[in-house]
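Here's the structure we're looking at; comments come further down.
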Number of protein chains: 2
Amino acid sequence: MFEPSQAVQAVPGSAQTIHPAKVIAISSSSIKVACSNCNLRELCMPVGLNKEELARVDTLVDVRRKVKKGGALFHNGEKFTSLYAIRTGFFKTCVATEDGRDQVTGFQMAGEVMGLDGIVNDQHTCDAIALEDAEVCVLPFERIEELSHEIASMQRHVHKIMSREIVRENGVMLLLGSMRAEERLAAFLLNLVQRLHTRGFSQSELVLRMTREEIGSYLGLKLETVSRTFSKFADEGIIEVKQRHVRILNSDALRDLVSRPDCD
Amino acid sequence: MFEPSQAVQAVPGSAQTIHPAKVIAISSSSIKVACSNCNLRELCMPVGLNKEELARVDTLVDVRRKVKKGGALFHNGEKFTSLYAIRTGFFKTCVATEDGRDQVTGFQMAGEVMGLDGIVNDQHTCDAIALEDAEVCVLPFERIEELSHEIASMQRHVHKIMSREIVRENGVMLLLGSMRAEERLAAFLLNLVQRLHTRGFSQSELVLRMTREEIGSYLGLKLETVSRTFSKFADEGIIEVKQRHVRILNSDALRDLVSRPDCD
DNA sequence: CGACACCTTGAAGAGGTTCAAGAAATGTGG
DNA sequence: CCACATTTCTTGAACCTCTTCAAGGTGTCG
């Protein structure tokens, strides 16, 4: 009924990679692929750079970092020095209250940039945790500001990345503030699969890298509700669920759930 | 019991101003106060500029716009050209779904910058509505990028403003995702009064510029729940409420509600 | 002063949570 | 490679918070 085939995988070295390398930090000498040759180029970098600008941008990354599953890329309170572009792996970011509750504020995958929260007060205000073994490019923020100063399209690019994050969070606020459980989970699945598809994965099949509890935290629901809602979707033939493997059988039904609330 | 005294007001020409001017748009010639002399300077502008830089930043704003209560500064879908710094008045921003539901994503007051959502796709993704007659400084984004290019502290300032918005939204996600009605309203009141205090208003008394429904939308609650929660706080002697006039009698109680959920 | 928007309060109902138990998967150490 | 511990997931039943529906009160503005 549900073969966990890895046909889902398409872009090698991209998200959902399973086999980690063993190194912890890699100096520039061991980087084989420069930004200008990276297959995630279109996600991380500005477009329309000339040759000379490309060469300069290539100097931005001189360290990569590996983060083991469960490990932190940075913690709340930690000094902010760099942004991070994900090469491989999958992260969550979460904020916490004094009294221990925490809230997942996002899930990040290959090509996405993390750490923007740290700019305003020179320290991070959330934790970034790897949900699978991961590798990121370290982008020292001072170098980013220098490059932005020199290259107009780089400056524009940084502005767009930050604006995109603001718009994304607006969408999450809409979800948390006005949607019911089914709509939230439908929106979540559609969003995930769409981002994976952009990266060359299937439009209909995905492997969740997070627990029900983490999904619930992100969506403002309890893990039991997430589980029940998955089961309900499966009963209705909208999806097939086997643990963390999800196959979307009727994506129109999901879309209808998101755009038309309960009126039918 | 509750005199709606205007002792709340302190900074003339700042937020919570009640008497509007009549003009619609003002060209540079009629601007009496340059940024460098504006009393909101510390909120909008970078610090530590030298004289020459200050002069250049003064050229940024050459148009102001008045927006009548209920009017829109910009609409979802509208072409993005500028950011807006609020001089006087009070705004809400809201996003909408296709099916008509909408969600207030924030309330903005004097010295705060709006429009950041528009950068990523060159069009706005939310509506900005004036909740009282307002005046904003129009900051053409192309000029901002030019100035950022020339003045490092300006670039840094723009980054910080965007990062601050990301962090703010993280906080709202935490609120929407994991707090109960009382905690949400307590957090909301504390946040509002703190921002007003920064602008020279009372720490304990405020006039709400928005309806119960708008508060509810922002907090992910129905207007009846907001009203009931206000009444409950009033019964407990935590606040005094008379329509939109709120006096905080026990701000520690509010803080306790926010940081310690139900365990007491 | 009357129309309209906004606010308050009650009662019934629904959606999601909490508590609890058991099943399935995953990881670890022998 | 298997047994066991641990984590994760599923499902049921009772409960609770917030919503919905309804009615009346209050304030505001032309």
Side-chain angles (χ1 to χ4, degrees), chain A residues 1-2 4 18 20 68-70 92 101 103-104 129 131-133 175-186 207-235 239-246 257 261-263, chain B residues 1-4 18-20 68-70 92 101 103-104 129 131-133 175-186 207-235 239-246 257 261-263:
Chain A
M1 153 193 172
F2 200 104
I18 276 154
K68 285 252 166 243
K69 177 174 176 176
K92 69 171 178 180
R101 278 177 301 187
Q103 168 80 22
V104 173
I129 310 291
L131 297 181
E132 59 183 4
D133 291 0
L175 179 146
L176 290 172
S178 70
M179 291 187 179
R180 300 206 296 35
E182 291 177 32
E183 307 168 46
R184 294 184 196 193
L185 193 64
V207 178
L208 301 171
R209 300 273 109 125
M210 69 295 278
T211 66
R212 303 289 191 261
E213 184 167 21
E214 287 161 339
I215 296 172
S217 172
Y218 182 61
L219 299 179
L221 302 169
K222 293 297 163 188
L223 70 94
E224 294 94 331
T225 307
V226 173
S227 180
R228 269 184 255 271
T229 309
F230 269 128
S231 300
K232 181 155 187 288
F233 285 173
D235 288 348
I239 62 175
E240 232 171 54
V241 187
K242 193 177 182 187
Q243 295 293 123
R244 300 201 177 177
H245 295 259
V246 177
L257 266 173
D262 34 338
C263 33
Chain B
M1 151 193 174
F2 201 102
E3 22 160 356
I18 277 155
H19 307 295
K68 286 254 167 241
K69 178 174 175 174
K92 68 171 177 181
R101 278 178 301 185
Q103 167 81 22
V104 173
I129 310 292
L131 297 180
E132 59 183 4
D133 291 0
L175 180 146
L176 291 172
S178 71
M179 291 187 179
R180 299 200 295 58
E182 292 177 32
E183 306 168 46
R184 295 184 195 193
L185 194 63
V207 178
L208 302 171
R209 298 295 160 186
M210 70 295 280
T211 66
R212 302 289 190 261
E213 185 167 19
E214 287 162 337
I215 296 172
S217 173
Y218 182 60
L219 299 179
L221 302 170
K222 293 296 162 188
L223 70 94
E224 294 94 332
T225 307
V226 174
S227 179
R228 269 185 255 272
T229 310
F230 269 129
S231 300
K232 181 155 187 287
F233 285 173
D235 288 348
I239 62 175
E240 234 171 52
V241 187
K242 195 176 181 187
Q243 296 293 124
R244 300 201 178 178
H245 295 259
V246 176
L257 267 173
D262 36 337
C263 34

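Below, read A as the first sequence line, B as the second, and so on, with proteins coming before strands; counting in each chain starts at 1.
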Would you classify [X] as touching base, sugar-phosphate or nothing, given that sugar-phosphate means primed atoms plus P, OP1 and OP2, and contacts are heavy atoms under 4.0 Å?
{"X": "B/Gly216", "result": "nothing"}
{"X": "A/Arg184", "result": "nothing"}
{"X": "A/Leu221", "result": "sugar-phosphate"}
{"X": "A/Thr225", "result": "base"}

So if I take every side-chain heavy atom of [X] and compare against [options], which nucleotide ends up nearest?
{"X": "B/Lys222", "options": "C/dG16, C/dC19, D/dT19", "result": "D/dT19"}
{"X": "A/Arg228", "options": "D/dT11, D/dT20, C/dG16", "result": "D/dT11"}
{"X": "B/Leu223", "options": "C/dC7, C/dT8, D/dA13", "result": "C/dT8"}
{"X": "A/Ala181", "options": "C/dC7, C/dT9, C/dG16", "result": "C/dG16"}

Query raised in the report: Which sits closer to the 5' end of DNA chain D, B/Lys69 or B/Glu182, going by the nucleotide each is nearest to?
Result: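 First, find each residue's nearest nucleotide; the 5'-ward one identifies B/Glu182.
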Does any part of the side chain of [Y], heavy atoms only, come nearer than 4.5 Å to the side chain of [X], both counted from C-beta?
{"X": "A/Phe230", "Y": "A/Leu185", "value": "yes"}
{"X": "A/Thr211", "Y": "A/Arg244", "value": "yes"}
{"X": "B/Glu214", "Y": "B/Leu131", "value": "yes"}

Any side-chain N or O of [X] below 4.0 angstrom from OP1/OP2 of [N]?
{"X": "A/Ser231", "N": "D/dT11", "answer": "yes"}
{"X": "B/Arg244", "N": "C/dC7", "answer": "yes"}
{"X": "A/Ser227", "N": "D/dC9", "answer": "no"}
{"X": "A/Arg212", "N": "D/dT10", "answer": "yes"}

Donor-acceptor pair, [X] side chain versus [Y] backbone, under 3.5 Å?
{"X": "A/Arg184", "Y": "A/Leu176", "answer": "yes"}
{"X": "A/Glu240", "Y": "A/Val246", "answer": "no"}
{"X": "B/Ser217", "Y": "B/Glu213", "answer": "no"}
{"X": "B/Ser227", "Y": "B/Leu223", "answer": "no"}

Interatomic distance where [atom1] belongs to [X] and [atom2] belongs to [N] [whole Å]:
{"X": "A/Glu224", "N": "D/dG12", "atom1": "CD", "atom2": "P", "answer": "14 Å"}
{"X": "B/Phe230", "N": "D/dT26", "atom1": "CZ", "atom2": "C1'", "answer": "16 Å"}
{"X": "A/Lys242", "N": "C/dA23", "atom1": "NZ", "atom2": "P", "answer": "18 Å"}
{"X": "B/Leu175", "N": "D/dC18", "atom1": "CG", "atom2": "P", "answer": "12 Å"}
{"X": "A/Glu214", "N": "D/dT8", "atom1": "CD", "atom2": "P", "answer": "8 Å"}
{"X": "A/Met210", "N": "D/dC9", "atom1": "CE", "atom2": "P", "answer": "11 Å"}
{"X": "B/Glu213", "N": "C/dT8", "atom1": "CD", "atom2": "P", "answer": "13 Å"}
{"X": "A/Lys232", "N": "D/dT11", "atom1": "NZ", "atom2": "P", "answer": "14 Å"}

Requested in this report: Would you kindly compare A/Gln243 and A/Val226 by the position of their nearest DNA chain C nucleotide and give the one closer to the 5′ end?
Outcome: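 Nearer the 5' end of the strand: A/Val226.
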Query raised in the report: B/Asp133 and salt bridge (charged side-chain N to carboxylate O under 4.0 Å, His left out): which partner among B/Arg209, B/Lys68, B/Lys69?
Result: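 Checked B/Arg209, B/Lys68, B/Lys69 against B/Asp133; only one passes salt bridge (charged side-chain N to carboxylate O under 4.0 Å, His left out): B/Lys68.
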Query raised in the report: Roughly how bent is the helix from C/dC1-D/dG30 to C/dG30-D/dC1 end to end, in steps of 10 degrees, with each end axis from five pairs?
Result: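 Answer for the end axes of this duplex: 50°.
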